[in-house]
2 protein chains.
Amino acid sequence: MLIPRYFFANTFAGFYEYFLTQPHIRRNFQKEEYLWRLDEPLTHVYYVISGVAVATLEHEDGFRKISSFHSSGTIFPVSHQSSFKIEQSIAVTAVSEMETLCFTNEAFLQMLCENRQLMLCTLNWYASYVNLLLYESAHQDYNSSFIKLCNLLYLFSHNSPSGQEGRIDLTQENIAQILTMTRVNAARNLARLRDEKIIIPHRRWIEIIDQQALEAYCSLETLQP
Amino acid sequence: MLIPRYFFANTFAGFYEYFLTQPHIRRNFQKEEYLWRLDEPLTHVYYVISGVAVATLEHEDGFRKISSFHSSGTIFPVSHQSSFKIEQSIAVTAVSEMETLCFTNEAFLQMLCENRQLMLCTLNWYASYVNLLLYESAHQDYNSSFIKLCNLLYLFSHNSPSGQEGRIDLTQENIAQILTMTRVNAARNLARLRDEKIIIPHRRWIEIIDQQALEAYCSLETLQP
DNA sequence: CGACTCATTGACGTAGCTCAAGGTATGTGG
DNA sequence: CCACATACCTTGAGCTACGTCAATGAGTCG
């Protein structure tokens, strides 16, 4: 039974060879470079060979929400035939150097029609993304910011860029942007976890030193059974 | 360019004849009856012929969030091959008397493999649902509860069960459950809109009498261009 | 008419926001 | 290798939106 994940990896890894046989162009990105800027229409799909990208949504009042991270073996976004206003508020940025394969929407839809496994895999990826979003909008919304934070640390300790459990590579600002709270509030809740000897805050990353105590704070919806 | 919708209708209406040729059973529901209870695994898919269902998520502290409404010509949920913990917190209830076709997950996946149009339509429906959820978790989260409410009324005036613009068939409790706020807070914000002569609150429904003034309060992300 | 559900309003407490001042790692150029 | 700049983190004080608790009113139905 799956819990939500913010960090996606290897969802489509098995299709790499297949993708190479299909019409595409290779595109590499430097750290900090945009895969999509704000207002840019989502006209194509990236398959990530290596590196990590972050998807953010910009609110008209200047707030920026981090939605998800996409690493090797994943595609983003997913092709469809409608166009949604909110897509104009999405930006995707390389967190590290990246190698990708770039497909047009049409080419990708064509692949979905021809390759059943790819189609099923795409549905599963959509389901996984919906799961994350439902978790945020229907569950986390009711939790206090302290519980939200504990849940986030727990989920990242299960699925994180570092690969190391107990090491969360996020700044306080990142955390605030994921949880749609202020940096100050994130800092205060982290201070509480530090005072309770559950984490050690470092510069740009956080060390979990008492996983059990952390889990005890998490909401039931969050915990891996 | 599409704005979010809470109320889904006619997404799959064109497939009704096709669905009838596929293995299914007819199931009808009384008002208030469950299509799914809490903890019940999502082992099949419903196509709604008539009536309306509401999907809710239950938080462990007793809060109940209304996620979406599903009316004639829609299917819910979508088949996939994973199983997510949060699915156990989903309940779907008939708001009115309903007629449905019920498919097993396997049968539905088989149809997706065989019918390209259905597959494309399913992807579009997923995209539309993701759009709603992104809107909630990345945009509405930053708005004050007053703006949230205005946005909701605007969106429902574009897509609502009644079909009549200017008529919103929701109780204050429903509104609070959609916006994850308390009934009291929803009532206070409605009182403000009433005092400003933008709405007339009735029992179990709300009348919008000044659509322009309402739109002036809505966030940009919400408004149909 | 009584019972029920839904809506209104007040009093009060607090979580989380804003504004603000400082502290501490990391990187850069002289 | 030190001086300095920059990014990141910490902490305090005050404000307010929203939650909680509670009492009352107003439609609807048997």
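In the text below, chain A, chain B and the rest are named by the order of the sequence lines, each starting its count at 1.
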| query | Just the endpoints, please: which first and last nucleotides of DNA chain D, 5' to 3', lie under 4.0 Å from a heavy atom of chain B? | reply | D:dC18 to D:dT28

| First of A:Val184 and A:Ser144 reached from the 5' end of DNA chain C, by closest nucleotide | A:Ser144

| query | For A:Arg183 and B:Phe63, take the nucleotide of DNA chain D holding the closest heavy atom to each; which residue's nucleotide lies nearer the 5' end? | reply | A:Arg183

| Mapping A:Asp195 and A:Arg204 to their closest nucleotides on DNA chain D, which lands nearer the 5' end? | A:Arg204

| message | Between the side chains of A:Asp39 and A:Arg37, is the shortest nitrogen-to-carboxylate-oxygen separation below 4.0 Å, so that they form an ion pair? | response | no

| query | Relative to each other, are the rings of A:Phe76 and A:Tyr129 parallel, tilted or perpendicular (30° and 60° limits)? | reply | perpendicular

| field | pair B:Phe84-A:Leu134: side-chain heavy atoms closer than 4.5 Å | value | no

| field | Interface limits on DNA chain C, where chain A has a heavy atom under 4.0 Å of a nucleotide atom | value | C:dG16 to C:dT26

| message | For the helix from C:dC1-D:dG30 to C:dG30-D:dC1, what angle separates the axis at the start from the axis at the finish, each from five pairs, in steps of 10°? | response | 40°

| Is it the case that B:His59 and A:Asn143 place a side-chain donor and acceptor less than 3.5 Å from each other? | yes

| Do A:Thr171 and A:Asn174 get their side chains close enough for a donor-acceptor pair, meaning under 3.5 Å? | yes

| task | Quick one: label B:Arg188 by what it contacts on the DNA or RNA (base, sugar-phosphate, nothing), any heavy atom closer than 4.0 Å. | result | base

| Cut-off 3.5 Å, side chains only: do A:Tyr135 and A:Thr222 have a donor facing an acceptor? | yes

| So, A:Tyr46 versus A:Trp36, ring centres under 6.0 angstrom or not? | yes

| message | Please check this pair: side chain of A:Asp195 against backbone of A:Arg192, looking for a donor-acceptor N/O pair closer than 3.5 Å. | response | no

| said: Centre-to-centre under 6.0 Å for A:Phe103 and A:Phe19, is that the case here? | reply: yes

| said: With no hydrogens and no angle check, just 3.5 Å: does a side-chain donor-acceptor pair link A:Ser89 and B:Glu221? | reply: yes

